[in-house]
Amino acid sequence: MNLDDLPLRDDLRGMQPYGAPQLDVPVRLNTNENSYPLPEPVVSAVEKALGEVLRDLNRYPDRDAVALRADLAAYLGHGLSAENLWAANGSNEVQQQLLQAFGGPGRSALGFTPSYSMHPLLALSAGTRWIDGARAADFSIDVPAAIAQLDQHRPDVVFLCSPNNPTGTALDPAVTRAVLDAAPGMVVVDEAYAEFARPGTLSALELLDAYPRLVVTRTMSKAFAFAGARVGYLAAHPAVVDALQLVRLPYHLSALTQAAARAALRHADATLATVEAIKQQRDRIVRRLPELGLTVADSDANFVLFGGFDDQRALWRALLERGVLVRDVGLTGWLRVTAGTPEETSAFLDAAAAVLREETS
Ligand SMILES: *Cc1c(COP(=O)(O)O)cnc(C)c1O
């Protein structure tokens, strides 16, 4: 028996599971993780925190993760408190819960492509019709075009992503505001890479007071070097948090996860120091690739989208043969590379230079 013989939902038939290849190569720059491990003091603090909750694992965790939500609110600032925060196993789960609460059968969600490819998949799994919104040729979102698309489709949920994955560029706040003014339903701004933004970049957190249907999602997977722990969260009006309580599984966030996240947040300064190092490597990639004749998109994230070649699959394979794994995000003529440690970044830049030299010789 195989999958086709099962009475699977019609809309899931023929689908492939999502996921970048997890290949064992020397330089892995394909999933935008923080290339640095957790700093030692953070490891010790997490270890100690986990030890303290082990004795209570016979009990269910705090269902509402109130202490963690208060810590996350303190980290974000902007006058937020625990009632504005919600946390789950990665921002993917937070967004899934948002779609369960505000999408669902008979409803629709719209995002501006190319953007995070999980948004349409989460919509599908929640039975929500997905609408591919369009961007300008330079990947920016044109305000009149965005408003026209919202007026045409009237989506129940709109996804924005700032800095946008895979293009790397943060959204102009005027665009966010225009979408919030025109959208008939919820607007989710995915800020997974907010900590990597260039100075002066505004967060949609600034707009929460003015827009009660705005939700800003964040994650500890990137800046906090905590991808393996699975901790994502959102900030929104407390009524949004009430809505998510209707769809979340009881006890969805384990006591281990809550304790580990709180310990990591207490040591945020140590971990966030790696963000500065990564931003330097990101800027180095943005400077260097044009010298090799390539095109880059401005990046406020820990990755860079680069183009200027015809066949992204051939370049992806040639880099892999040199031990460097980057991401083919399915955009013809473009690839995405994560900014790594200085050594990883050098390995990528050297491999790219060597491949391009070979091509032109
Ligand atoms: C990596 C990433 C996330 C993170 O998802 P988690 O479930 O929190 O690990 C969310 N949104 C975008 C755009 C991302 O690139």
Side-chain angles (χ1 to χ4, degrees), residues 29 31-39 41-42 46 68-69 71-80 84-88 90-92 94-95 115-116 160-173 176 188-208 215-236 260-286 297-305 336-342 344-345:
L29 300 175
T31 50
N32 299 344
E33 292 148 322
N34 190 318
S35 293
Y36 292 91
L38 279 185
V42 190
V46 171
L68 171 59
R69 286 160 58 200
D71 291 353
L72 288 166
Y75 166 68
L76 288 183
H78 289 86
L80 296 166
N84 299 105
L85 270 284
W86 180 247
S91 49
N92 277 222
V94 171
Q95 291 167 358
S115 191
Y116 188 41
L160 296 174
C161 189
S162 179
N164 187 46
N165 181 7
T167 58
T169 319
L171 260 187
D172 179 344
T176 313
V188 181
V189 183
D190 183 335
E191 292 194 348
Y193 300 96
E195 287 89 347
F196 296 96
R198 287 170 294 178
T201 307
L202 280 186
S203 164
L205 293 173
E206 311 264 354
L207 303 173
L208 279 174
V215 181
V216 182
T217 67
R218 295 279 188 108
T219 181
M220 293 183 73
S221 293
K222 312 286 161 60
F224 278 90
F226 227 46
R230 312 302 302 128
V231 185
Y233 55 101
L234 64 71
R262 295 191 68 204
L265 283 165
R266 277 195 292 278
H267 292 77
D269 289 351
T271 312
L272 294 180
T274 65
V275 168
E276 288 311 311
I278 291 164
K279 284 163 73 174
Q280 287 182 14
Q281 297 308 308
R282 183 253 337 258
D283 293 340
R284 186 180 157 212
I285 297 170
V286 169
D298 283 339
S299 179
D300 292 293
N302 67 342
F303 58 85
V304 178
L305 187 75
R336 192 192 71 194
V337 61
T338 307
T341 61
E344 289 169 329
T345 303

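The first residue of the sequence shown is numbered 1, and numbering continues consecutively from there.
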### Message
Between Arg218 and Leu76, does the side-chain contact (heavy atoms from CB on, under 4.5 Å) criterion hold? Intermediate values first, please.
### Response
CA-CA 10 Å; Arg218 295 279 188 108; Leu76 288 183; 3.6 Å; yes

### Query
Step by step, would you call Glu344 with Gln281 a side-chain contact (heavy atoms from CB on, under 4.5 Å)?
CA-CA 9 Å; Glu344 289 169 329; Gln281 297 308 308; over 6 Å; no

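Atoms CG and OG1, on Leu305 and Thr169 in that order, are 8.5 Å from each other to the nearest 0.5 Å. Of the inter-residue distances, the one linking Phe224 atom CZ with Thr274 atom OG1 reads 9.5 Å to the nearest 0.5 angstrom. Here the straight-line distance linking atom OG1 of Thr217 with atom CG of Asp190 works out to 4.0 Å at 0.5 Å rounding. From Phe196, atom CZ reaches atom CG of Leu272 across 8.5 Å, with rounding to the nearest 0.5 Å. Rounding to the nearest 0.5 Å places CD of Glu191 at 13.0 Å from NZ of Lys222. Distance check: Asn84 CG to Leu72 CG gives 12.0 Å after rounding to the nearest 0.5 Å.
Counting only heavy atoms from C-beta outward, the side chains of Leu29 and Phe303 never approach each other to under 4.5 Å. Between Leu265 and Leu68, the closest side-chain pair of non-hydrogen atoms falls below 4.5 Å. A 4.5 Å side-chain heavy-atom check between Asn34 and Asn302 finds every atom pair outside the cut-off. For the pair Arg230/Ser221, a side-chain contact is recorded, criterion being any heavy-atom separation below 4.5 Å from C-beta on.
In terms of heavy atoms, Ala270 sits closest to Pro39 at O-CG, 3.7 Å. Across all their heavy atoms, Val94 and Ala87 have their closest contact at CG2-C, 4.5 Å. Across Phe226 and Ala264, no two heavy atoms sit closer than the pair CZ-CB, 3.8 Å. Across Asp300 and Thr201, no two heavy atoms sit closer than the pair OD1-OG1, 3.7 Å. Nearest heavy atom pair, residue Thr345 against residue Gly340, reads OG1-N, 3.3 Å. Scanning both residues, Arg282 and Ser299, for their nearest heavy atoms gives NH1-O, 3.2 Å.
Judged as a side-chain contact (heavy atoms from CB on, under 4.5 Å), and not counting sequence neighbours, the contacts of Ala277 are Tyr36.
Remark: of the listed residues Leu205, Val216, Leu208, Leu205 is the sole one forming a side chain to side chain contact (heavy atoms under 4.5 Å, CB included) with His78. Of the candidates Asn164, Asn32, Thr219, Asn32 is the only one forming a side chain to side chain donor-acceptor pair (under 3.5 Å) with Tyr193.
Residues Tyr75 and Tyr233 keep their aromatic ring centres 6.0 Å or farther apart.
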